[in-house]
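Notes to accompany the following structure.
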Amino acid sequence: MKKLTAAIAAATTLGFASMTHAEEFDTAIGTIDASMTATLATDYIWRGQSQTDGKGAVQASLDFAHESGVYLGAWGSNVDSDDFGGASIELDYYVGYGGAITEEVTYDLAWANYTFPGNSSIDVYEWLASVSAYGFTVGLKDTYNNADNHYYYVGYDLALPYDIGLGLHYADSNDKTGDGFDYNDWALTLSKEALGLGWAVMYSDTDISDEDCAYGSTDSCGSNVTFAVSKSF
């Protein structure tokens, strides 16, 4: 289950902790966990920036994790077509490996392909690596092909009373080419499972100025409060 959660977290850019429900299958090559998750959100936030121009998002994922730690999956969401050159959908594919050094220390390595049907010229590849220990996670995402970027991040997850989860996130995005700009983003997320659904609310923001915002609305790079509800099968 932890491996499957890592698989979802590797590609899901919304940043919400969603309810995970996996089905186990015994196969000739070992046990495989499978999970599907559907999410409705008031916005799609990627590294602090709205990908839907402040509008709602419908998202879904399909994930498979082998008992060895190897996993693969796919994730999709609608995006704002004006901001993405005519593409209205983002489809992500990823493969990786997650393991444990000790009971409290885990690591995750993955490769992801972010695609935009209708405008393949902006498709992006990315390497991801992270280490988690005692609630803290530190990681690096190295983007190449159309977007040369180093994304360093740190997060902390804490269980609050009444089965409420608290997630804190801070990141530093660095352009490797020198032709773009660097910025920081941060977020605070509260999540809870109730009525068979995963509920979350996230406050996010960046230090991107209105002039540097790459999307149609300057509000896309400013502070946002996003609500989401998810269901796993």
Side-chain angles (χ1 to χ4, degrees), residues 1-22 35 37 39 41-51 59 61 63 65 69 71 75 94 96-110 112 126-143 149-174 182-194 197-208 221-230 232:
M1 293 288 274
K2 289 184 178 179
K3 296 170 186 174
L4 187 59
T5 302
I8 297 171
T12 302
T13 50
L14 183 64
F16 284 144
S18 60
M19 179 176 59
T20 303
H21 173 74
S35 177
T37 301
T39 301
T42 57
D43 206 337
Y44 167 19
I45 301 297
W46 176 84
R47 300 181 184 181
Q49 305 168 67
S50 173
Q51 307 296 280
Q59 303 167 337
S61 65
D63 298 275
Y71 61 83
W75 181 90
Y94 44 92
Y97 177 82
I101 301 173
T102 70
E103 187 173 328
E104 296 293 341
V105 181
T106 62
Y107 62 89
D108 187 76
L109 302 171
E126 187 170 67
W127 291 103
L128 308 93
S130 65
V131 176
S132 299
Y134 304 98
F136 288 93
T137 298
V138 294
L140 165 67
K141 299 180 181 181
D142 183 27
T143 306
N149 179 267
H150 279 148
Y151 187 77
Y152 306 94
Y153 65 95
V154 59
Y156 180 66
D157 294 309
L158 177 67
L160 300 178
Y162 305 105
D163 295 323
I164 296 174
L166 169 65
L168 303 175
H169 162 90
Y170 182 83
D172 181 26
S173 180
N174 293 274
D182 302 336
Y183 75 94
N184 303 111
D185 73 270
W186 50 92
L188 184 153
T189 303
L190 293 173
S191 60
K192 182 176 175 60
E193 296 180 18
L197 301 171
W199 305 84
V201 57
M202 178 176 70
Y203 171 82
S204 60
D205 201 357
T206 76
D207 61 1
I208 301 174
C221 299
S223 60
N224 286 284
V225 176
T226 307
F227 297 90
V229 57
S230 62
S232 292

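Keep in mind that what you see is a predicted model, and the values were worked out from it rather than measured.
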[X] side, atom [atom1]; [Y] side, atom [atom2] - distance, nearest 0.5 Å:
X      : Y      : atom1 : atom2 : result
Met202 : Thr226 : CE    : OG1   : 4.5 Å
His150 : Ser173 : NE2   : OG    : 10.5 Å
Leu128 : Leu109 : CG    : CG    : 9.5 Å
Thr143 : Arg47  : OG1   : CZ    : 4.5 Å
Asp63  : Tyr94  : CG    : OH    : 3.5 Å

For a quick test of reading the model, state the closest non-hydrogen atom pair linking [X] to [Y] and the distance between them.
X      : Y      : value
Asn174 : Asn149 : O-ND2, 3.1 Å
Trp199 : Ala194 : NE1-O, 2.9 Å
Gly98  : Asp108 : CA-OD1, 3.8 Å

**Study point:** Partners meeting side-chain hydrogen bond (donor to acceptor under 3.5 Å, both in side chains) with Tyr151 (sequence neighbours left out)
**Key:**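 With neighbours one apart ignored, the set is His169, Asp185.
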
**Study point:** Residues that Asn224 engages under side-chain hydrogen bond (donor to acceptor under 3.5 Å, both in side chains), provided they are two or more places apart
**Key:**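 Per chain and number, Asn224 pairs via side-chain hydrogen bond (donor to acceptor under 3.5 Å, both in side chains) with no residue.
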
Check your understanding: Considering residues at least two apart in sequence or located in another chain, which fulfil the side chain to side chain contact (heavy atoms under 4.5 Å, CB included) criterion with Leu188?
Key ->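 So Leu188 forms a side chain to side chain contact (heavy atoms under 4.5 Å, CB included) with Leu166, Leu168, Leu190.
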
**Study point:** All side chain to side chain contact (heavy atoms under 4.5 Å, CB included) counterparts of Asn184, not counting sequence neighbours
**Key:**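 Here the qualifying residues are Tyr170, Asp172, Trp186, Asp207.
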
Exercise for review: Apply side chain to side chain contact (heavy atoms under 4.5 Å, CB included) to the pair Tyr153 and Thr137, showing each step before the final yes or no.
Suggested key: CA-CA 8 Å; Tyr153 65 95; Thr137 298; 4.2 Å; yes

Exercise for review: Taking Thr42 for its side chain and Phe227 for its backbone only, find out whether a donor-acceptor pair lies under 3.5 Å.
Suggested key: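 Present.
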
Check your understanding: Is the side chain of Thr206 donor-acceptor paired with the backbone N or O of Cys221 at a distance under 3.5 Å, no angle test?
Key ->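 At least one qualifying donor-acceptor pair exists.
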
Check your understanding: Between Thr39 and Tyr44, is a side chain to side chain contact (heavy atoms under 4.5 Å, CB included) present by the stated rule, with each step listed?
Key -> CA-CA 11 Å; Thr39 301; Tyr44 167 19; over 6 Å; no

Check your understanding: With a cut-off of under 6.0 Å to the ring centre and 45° to the axis, is Lys192 in cation-pi contact with Tyr162?
Key ->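 Not flagged: Lys192 not positioned over aromatic ring of Tyr162.
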
**Study point:** Under the salt bridge (charged side-chain N to carboxylate O under 4.0 Å, His left out) test, residues paired with Asp142 that sit two or more places apart
**Key:**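 If we apply the salt bridge (charged side-chain N to carboxylate O under 4.0 Å, His left out) test to Asp142, skipping adjacent residues, the hits are Lys176.
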
Practice item. Taking ring pair (Phe, Tyr, Trp, His ring centres under 6.0 Å) as the test, write out the residues that go with Tyr156, two or more places apart. Key: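 For Tyr156, the residues satisfying ring pair (Phe, Tyr, Trp, His ring centres under 6.0 Å) (neighbours in sequence not counted) are Phe136.
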
Exercise for review: Any chance you could lay out the side chain to side chain contact (heavy atoms under 4.5 Å, CB included) test for Ile45 and Ser50, step after step, and finish with the verdict?
Suggested key: CA-CA 5 Å; Ile45 301 297; Ser50 173; 4.2 Å; yes

